[in-house]
Amino acid sequence: MGLLTIIRKNRQKEKEMRVLFLGLDNAGKTTILKKLNDEDITSISPTLGFNIKTFVHGRYTLNVWDVGGQRTLRPYWRNYFEQTDALVWVVDSGDRMRMRDCKEELHSLLLEDRLAGASLLVFANKQDILGSMTDSEIEQALDLPSIKSHEWTIISCSAVTGKNLIEGLDWVVNSVASRLYYSTITSSVPTNSETERGVPVTPDHGGAP
Ligand SMILES: Nc1nc2c(ncn2[C@@H]2O[C@H](COP(=O)(O)OP(=O)(O)O)[C@@H](O)[C@H]2O)c(=O)[nH]1
Ligand SMILES: [Mg+2]
């Protein structure tokens with residue numbers, strides 16, 4: 001082709017990405033976003049509605065939606081699906097009791113048409129807590145290897161120490177960019193072996209009307 005990159009101009013503001021942070025309540029979604037934004041993380045209360053944060057990450061602007069995860073709020077998640085480029089599913093790695101609930105909520109989300117083209121990052125959060133599940137234990141508990149419909153990866157992290165938060169955003173940006181903007185791109189975090197690049201995705205990321 002003679003060009004290093006092929007730009008797919010399928011968006012008006014082509015360097016923007018819409019990222020949805022979801023997960024059970026108390027997983028650490030809001031804390032991760034505050035930590036990434038260098039905000040105080042000592043006084044965080046449960047998210048009753050949603051927060052939007054904008055991050056400039058490399059050459060991309062990420063509009064991140066952080067939506068409350070209490071059981072009563074979960075039916076409202078669907079209001080935020082439109083035009084989602086990436087789903088970040090945050091898991092409290094110490095919450096073994098709710099791992100099954102966590103798995104069921106995640107797998108039902110992945111059936112949603114409007115999330116069909118989204119990349120999936122699973123953040124195994126709270127790794128600073130002694131005795132928390134490892135990323136490979138969570139991968140099994142959430143049955144991630146069965147996911148063939150979305151490009152996914154799992155990254156262990158801690159919102160308190162900041163470990164791997166930037167690496168997670170890197171993966172999101174590279175995964176979405178490789179699908180929306182470029183034919184090839186190098187990733188600083190390896191993609192899991194189950195879902196190689198080239199997973200069928202719709203170029204208009206989600207098939208929204
Ligand atoms: N030890 C530890 N606590 C965390 C971590 N992330 C969040 N928390 C705590 O978990 C609780 C829930 O966090 P929050 O961000 O409100 O969860 P959300 O409901 O998913 O938004 C708060 O008390 C946080 O301080 C982490 O990585 N390590
Ligand atoms: Mg919250």
Side-chain angles (χ1 to χ4, degrees), residues 17-55 57 62-82 84-110 112 115 118-144 150 152-172 189:
M17 294 180 185
R18 183 177 148 111
V19 181
L20 188 55
F21 265 59
L22 290 177
L24 304 187
D25 51 296
N26 206 50
K29 300 176 289 296
T30 306
T31 314
I32 289 174
L33 291 172
K34 289 209 170 196
K35 182 74 176 178
L36 279 167
N37 220 18
D38 272 339
E39 290 173 48
D40 177 24
I41 59 166
T42 55
S43 59
I44 293 175
S45 45
T47 309
L48 296 177
F50 63 90
N51 305 306
I52 309 171
K53 286 205 187 304
T54 300
F55 295 94
H57 191 77
L62 275 63
N63 297 313
V64 180
W65 294 66
D66 164 27
V67 185
Q70 286 94 329
R71 190 174 282 282
T72 50
L73 297 176
R74 292 179 210 163
Y76 298 99
W77 283 354
R78 65 188 63 249
N79 296 339
Y80 302 90
F81 292 164
E82 213 66 58
T84 295
D85 297 309
L87 173 64
V88 178
W89 183 255
V90 183
V91 180
D92 176 346
S93 307
D95 191 358
R96 293 168 190 267
M97 298 282 287
R98 292 202 297 168
M99 223 31 95
R100 195 192 167 119
D101 191 12
C102 183
K103 170 188 162 185
E104 283 166 8
E105 292 288 358
L106 172 62
H107 284 268
S108 69
L109 272 181
L110 297 179
E112 293 283 346
L115 294 178
S119 302
L120 169 68
L121 166 66
V122 177
F123 253 153
N125 190 34
K126 306 200 186 182
Q127 290 292 320
D128 58 293
I129 297 179
L130 212 64
S132 57
M133 290 169 75
T134 64
D135 51 356
S136 51
E137 285 176 312
I138 291 172
E139 181 173 326
Q140 294 310 312
L142 300 185
D143 197 16
L144 300 183
H150 295 68
W152 63 270
T153 196
I154 180 165
I155 296 179
S156 57
C157 72
S158 165
V160 167
T161 66
K163 179 192 159 197
N164 277 348
L165 299 184
I166 299 283
E167 286 77 0
L169 284 194
D170 278 346
W171 183 86
V172 165
V189 180

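First listed ligand is number 1; within each ligand, the first listed atom is number 1.
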* Structure fact -> Excluding water, the protein N, O or S atoms sitting under 2.8 Å from the Mg ion (ligand 2) are Thr30 OG1, Thr47 OG1
* Report yes if some heavy atom in the side chain of Glu105 is under 4.5 Å from a heavy atom in the side chain of Trp77; otherwise report no. => yes
* Could you tell me the residue and atom name of the protein heavy atom closest to atom 11 (C) of ligand 1, and the distance to it rounded to 0.1 Å? => Asn26 OD1, 3.2 Å
* Would you say Leu36 and Ile166 make side-chain contact, with heavy atoms under 4.5 Å? -> yes
* **Counterpart residues, side-chain hydrogen bond (donor to acceptor under 3.5 Å, both in side chains), relative to Thr42 (two or more places apart)** => Asp40
* To do: Report yes if Gln127 has an N/O atom closer than 3.5 Å to an N/O atom of ligand 1; otherwise report no.
  => no
* Output yes when the distance from some N or O of ligand 1 to some N or O of Ala159 is under 3.5 Å, and no in every other case. => yes
* Asp25 and Arg74: CA distance, side-chain angles, deciding distance, side chain to side chain contact (heavy atoms under 4.5 Å, CB included) verdict -> CA-CA 10 Å; Asp25 51 296; Arg74 292 179 210 163; 3.6 Å; yes
* Give the atoms of ligand 1, by number and element, whose distance to some non-hydrogen atom of Asn125 is under 4.0 Å. => 5 (C), 6 (N), 27 (O)
* **Proximity flag Asp25 to ligand 1, non-hydrogen atoms under 4.0 Å** => yes
* Determine whether Asp135 and Ile155 make a side-chain contact, defined as any pair of heavy atoms from C-beta on separated by less than 4.5 Å. => no
* To do: Would you check if Val67 and Lys29 make a side-chain contact, meaning some heavy-atom pair closer than 4.5 Å?
  => no
* Under a 4.5 Å cut-off applied to non-hydrogen side-chain atoms, are Ile154 and Val91 in contact? -> no
* For ligand 1, which atoms, with element, lie under 4.0 Å from some heavy atom of Ile129? -> 1 (N)
* Between Thr30 and ligand 1, is there a nitrogen or oxygen pair with a distance under 3.5 Å? -> yes
* Got Val19 and Phe55 here, is their nearest side-chain heavy-atom distance under 4.5 Å? -> no
* **Check: Pro46 N/O within less than 3.5 Å of ligand 1 N/O** => no
* Can you tell me the protein heavy atom closest to atom 25 (O) of ligand 1 and the distance? -> Thr31 OG1, 4.3 Å
* With the side chain counted from C-beta on, respond yes when Phe21 and Thr30 share a heavy-atom pair under 4.5 Å apart, and no when they do not. => no
* Nearest non-hydrogen protein atom, atom 16 (O) of ligand 1 -> Ile44 CG2, 3.4 Å
* Decide yes or no on side chain to side chain contact (heavy atoms under 4.5 Å, CB included) for Tyr80 and Ile52, but give the supporting numbers first. => CA-CA 11 Å; Tyr80 302 90; Ile52 309 171; over 6 Å; no
* **Min N/O separation Gly28 to ligand 1 under 3.5 Å** => yes
* To do: Mark whether atom 6 (N) of ligand 1 lies under 4.0 angstrom from at least one protein heavy atom.
  => yes
* Sort and list the pairs that fulfil salt bridge (charged side-chain N to carboxylate O under 4.0 Å, His left out) and have at least one residue in residues 86-97, not counting sequence neighbours. => Asp92-Lys126, Asp95-Arg98
* **Distance from atom 10 (O) of ligand 1 to nearest protein heavy atom, with residue and atom** => Lys126 NZ, 3.0 Å
* Can you list the residues that meet the salt bridge (charged side-chain N to carboxylate O under 4.0 Å, His left out) rule with Glu137, with sequence neighbours excluded? -> none
* Asked: Side chains of His57 and Asp170: closer than 4.5 Å at any heavy-atom pair?
  -> yes
* To do: Considering heavy atoms of the protein only, find what lies nearest to atom 3 (N) of ligand 1 and give residue, atom and distance to 0.1 Å.
  => Val160 CG2, 3.8 Å
* Any idea which atoms of ligand 1 are less than 4.0 Å away from a heavy-atom of Asp128? -> 1 (N), 2 (C), 26 (C), 27 (O), 28 (N)
